[in-house]
There are 2 protein chains.
Amino acid sequence: MTTEQRPLRADAQRNLERITASAQVLFAERGTRAQMEDIAAHAGVGIGTLYRRFPTKEALITALVRQRFQEFAAIAAECEHITDPYEALATSMRRQAESIEGDAAFQLAMMNIDNFSWDGIDEDKSALNAILSRIIERAQAAGAVRADLGVEDYGMMMCGTTATMYFMHGEHGWQRHLDLVLAGLKPS
Amino acid sequence: MTTEQRPLRADAQRNLERITASAQVLFAERGTRAQMEDIAAHAGVGIGTLYRRFPTKEALITALVRQRFQEFAAIAAECEHITDPYEALATSMRRQAESIEGDAAFQLAMMNIDNFSWDGIDEDKSALNAILSRIIERAQAAGAVRADLGVEDYGMMMCGTTATMYFMHGEHGWQRHLDLVLAGLKPS
DNA sequence: ACCTGAACACCGTTCAAGT
DNA sequence: ACCTGAACACCGTTCAAGT
């Protein structure tokens, strides 16, 4: 909950941004095991300051995850403009997956590692889902995908793809998983 | 590496079995965060004893994961006897997935959480893959699945399915993910 | 208001002492 | 050979003191 109620004092705002940026870098690099102390040091602040903004490590990660979800929504919104209804759907998934390729922590998060409570993430998720629903319905109207496809399926497939992304780094990467899954979407 | 070189002294053997069983229970219940001390207590031994058999928590989990892989191989071997070539493949995936439904730690492990080194697991994996290759080839010869399907795809799909299993507990569960993925296997 | 870092708590791991 | 548990180390989190 990167709560930005009353504007922060200028230096505090700068610190907050540094913290978020450092956290993004270190978590992406090292996954969930990046250490709070290291993040604070990387941001050039004391740990106390970090904890003043984010009460727990979980809260910090949640903030980053929410940013990613907002990016997902932006990507989906762009893909809605693609003329071909099937490509709109497929491209959305592919581009979202590409956007998190270097971010180990988000991949872990996406798999719900450590049973995070994901405070506030439902808002972001439903904003995203609203767009995705439209994309899916258009594809269905065009007969490009199976009639029983739902938004939950979309999330599920992204979850599966993310898992293979984290798991397998070889040439047979997550693209392959996504291809298989996309092939399964065609009407039978 | 549950190394069983020279037979253990009777009491030590009994302790080892208790440890493995307790670890299985607690990890399944609580995921990777089950504590070593709790496992030792549950098994009725001191922590020192636990560490005498398994040098690290990782090694303990690895041992359990290897057991699961061996079970996977047993399941695959049974499924090889199914007459319908497509069903042999689909049933193998479905039954393997079912077998780990209650085991949170394995699900996490399957997703390579914490970058475990998976000592020795390659052996188990290749034993399993040998069987799976035969099942896949038979399905391909029968024209029941796409010609470009490989064993790595099998692992990838199980990985994705496991992730959704851990991630989503609703009615739209992992079965749905598996269905979508299986649908994608049919020759186009 | 916000910053700092020493101190605390928790849990994985070690090791000296015991049988 | 094997067992035990007190002690250590590491890292997330707190809080008293300072600006």
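Note that this is a predicted model, so its numbers are computed, not measured. So you know, we letter chains A, B, ... as the sequences are listed, proteins then strands, and number each from 1.
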> According to the interplanar angle, ranging from 0 to 90°, do the rings of B/His177 and A/His177 count as parallel (below 30°), tilted (30 to 60°) or perpendicular (above 60°)?
Replying inline: parallel
>> Suppose we define a pair by two distances each less than 3.5 Å, Watson-Crick or G-U wobble; what does C/dG5 pair with here?
In response: D/dC15
> To the nearest Å, how far apart are A/Arg14 CZ and C/dC2 P?
Replying inline: 13 Å
>> Less than 3.5 Å apart, any donor N or O on the side chain of A/Glu17 or A/Gln13 sitting next to an acceptor on the other?
In response: yes
> When you measure from the side chain of B/Ser22 to the backbone N and O of B/Arg18, does any donor-acceptor pair fall under 3.5 Å?
Replying inline: yes
>> Ignoring hydrogens and geometry beyond distance, is a side-chain donor-acceptor pair present between B/Ser133 and B/Tyr154 at under 3.5 Å?
In response: no
> With a 4.5 Å limit on heavy-atom distance, are the side chains of B/Ile100 and B/Phe72 in contact?
Replying inline: yes
> Quick one: B/Gln13 CD to D/dA1 C1', roughly how many Å, whole number?
Replying inline: 14 Å
> CD1/A/Ile39 to CD/A/Glu37 distance, rounded to the nearest 0.5 angstrom?
Replying inline: 10.5 Å
>> Output one letter per nucleotide in nucleotides 4-18 of chain D: B when a protein non-hydrogen atom lies under 4.0 Å from the base, S when only the sugar-phosphate is that close, - when neither is.
In response: BBB----SSBB----
>> Please report the distance, rounded to the nearest Å, between CG in A/Leu16 and C1' in C/dA1.
In response: 14 Å
